[in-house]
Amino acid sequence: MKHFKKSVLYASFFFVAVLALMACNDSEDSKKVAAEANDKKFDNTNREQDATFLVDAAEINLEEIKLGQLAQQKGTMADVKELGKMMEQAHSKAMSETDSLARKLLITIPSSSTENALDAYNKLNTKSGTEFDKAYCDKMVNGHKDAILLFEKVFTDLNNAEIKQWAANMLVGLRTHLEHAIECQKKCENIK
């Protein structure tokens with residue numbers, strides 16, 4: 001029991017140290033930090049590919065969460081606000097699943113918005129009114145098309161059965177999101 005308590009204590013200290021290091025390193029892109037940590041851990045090409053995919057999946061989730069929150073704040077159309085809410089909720093759940101899978105596989109993933117996600121947020125945040133609504137829907141359509149392509153590549157590029165199963169489950173939601181984003185995009189196009 002003492003050994004277990006010591007292990008938990010050491011793990012807690014390690015976790016706090018990692019969080020502190022990440023907090024001090026805010027100026028560095030979280031995707032780059034995760035990729036570098038994985039490069040140090042994995043010599044096996046398959047494991048590196050697994051890590052790269054989960055890092056990319058986390059980046060997508062983090063971006064969709066942040067942009068979904070922005071859409072709920074700045075959207076003028078009810079459809080845009082609803083799409084933003086759906087994206088925030090679904091990608092928050094997906095991020096939790098990504099995190100769990102990454103932990104299980106000892107893969108480091110970004111825990112905060114990456115430079116790409118922040119750039120997308122800042123670019124979208126400069127828009128307002130119907131210009132924002134249209135730009136957000138366009139971003140969701142294009143982003144989900146790209147995400148679907150990335151997740152479909154898992155079946156040819158990766159060997160890990162757990163990642164493949166998770167990706168298959170995620171594809172269902174991503175395709176649904178794309179359909180909603182296309183519907184929202186069409187409604188935005190009809191606004192004069």
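With rounding to the nearest 0.5 angstrom, the CG atom of Asp79 is 13.0 Å from the CD atom of Gln185. Rounding to the nearest 0.5 Å places NZ of Lys134 at 12.0 Å from SG of Cys184. Interatomic distance, CD1 of Ile148 versus NE2 of His177, reported as 10.0 Å (0.5 Å rounding). Within the model, atoms NZ of Lys104 and CD of Glu162 stand 3.5 Å from one another, a figure rounded to the nearest 0.5 Å. Of the inter-residue distances, the one linking Gln89 atom CD with Ile65 atom CD1 reads 11.0 Å to the nearest 0.5 angstrom.
For the pairing with Asn61, the side chain to side chain donor-acceptor pair (under 3.5 Å) check across Lys66, Glu97, His91 returns one residue only, His91. Applying side chain to side chain contact (heavy atoms under 4.5 Å, CB included) to His144 and the options Leu174, Thr176, Leu149, Ile60 leaves one that passes, Leu174.
Closest heavy-atom contact between Leu70 and Leu124: CD2-CB, 4.0 Å. Residue Lys139 comes nearest to Ala120 through the heavy atom pair CE-CB, 3.8 Å, listed as atom of the first residue, atom of the second, then distance. The two residues Gly68 and Met87 come nearest to each other via the heavy atoms CA-CB, 4.5 Å. Between Gln49 and Asp157, the closest heavy-atom pair is OE1-O, 3.2 Å. Contact record, Asn160 with Ile163: OD1-N, 2.9 Å, taken as the closest heavy-atom pair. Of all non-hydrogen atoms in Ala58 and Pro110, the two that sit nearest each other are CB-CD, 3.8 Å.
A 4.5 Å side-chain heavy-atom check between Asp56 and Thr52 finds at least one atom pair inside the cut-off. Within the 4.5 Å cutoff, the side chain of Val80 has heavy atoms near those of the Cys137 side chain. Counting heavy atoms from C-beta on, the side chains of Met140 and Leu67 come closer than 4.5 Å. Contact check for Glu63 versus Thr114: no side-chain heavy atoms found under the 4.5 Å cut-off.
Other residues, nucleotides and ligands contribute more than 12 heavy atoms inside 6.0 Å of the NZ atom of Lys164.
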### Message
Could you go through Asp50 and Leu105, starting from their C-alpha distance and side-chain angles, then the distance that decides it, and tell me whether this counts as side chain to side chain contact (heavy atoms under 4.5 Å, CB included)?
### Response
CA-CA 9 Å; Asp50 295 346; Leu105 299 174; 5.5 Å; no
#### Entry: Arg103/Asp99 under salt bridge (charged side-chain N to carboxylate O under 4.0 Å, His left out): CA gap, chis, key distance, verdict
CA-CA 6 Å; Arg103 286 178 193 267; Asp99 187 54; 2.9 Å; yes
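Both Val141 and Leu171 are members of a single hydrophobic cluster when ILVMFWY side chains are connected at heavy-atom separations under 4.5 Å. Follow the hydrophobic side-chain contacts under 4.5 Å out from Ile109 and you reach Leu158 in the same cluster.
For Lys127, the salt bridge (Lys or Arg N to Asp or Glu O under 4.0 Å) criterion is met by Glu131, not counting sequence neighbours. Legend: residues meeting side-chain hydrogen bond (donor to acceptor under 3.5 Å, both in side chains) with Glu152, ordered by chain and number and at least two apart, are Arg175.
Between Phe53 and Trp166, the ring-plane angle classifies as perpendicular under the 30° and 60° cut-offs.
Proximity of a side-chain donor or acceptor of Asn125 to a complementary backbone N or O of Tyr121 within less than 3.5 Å is not detected.
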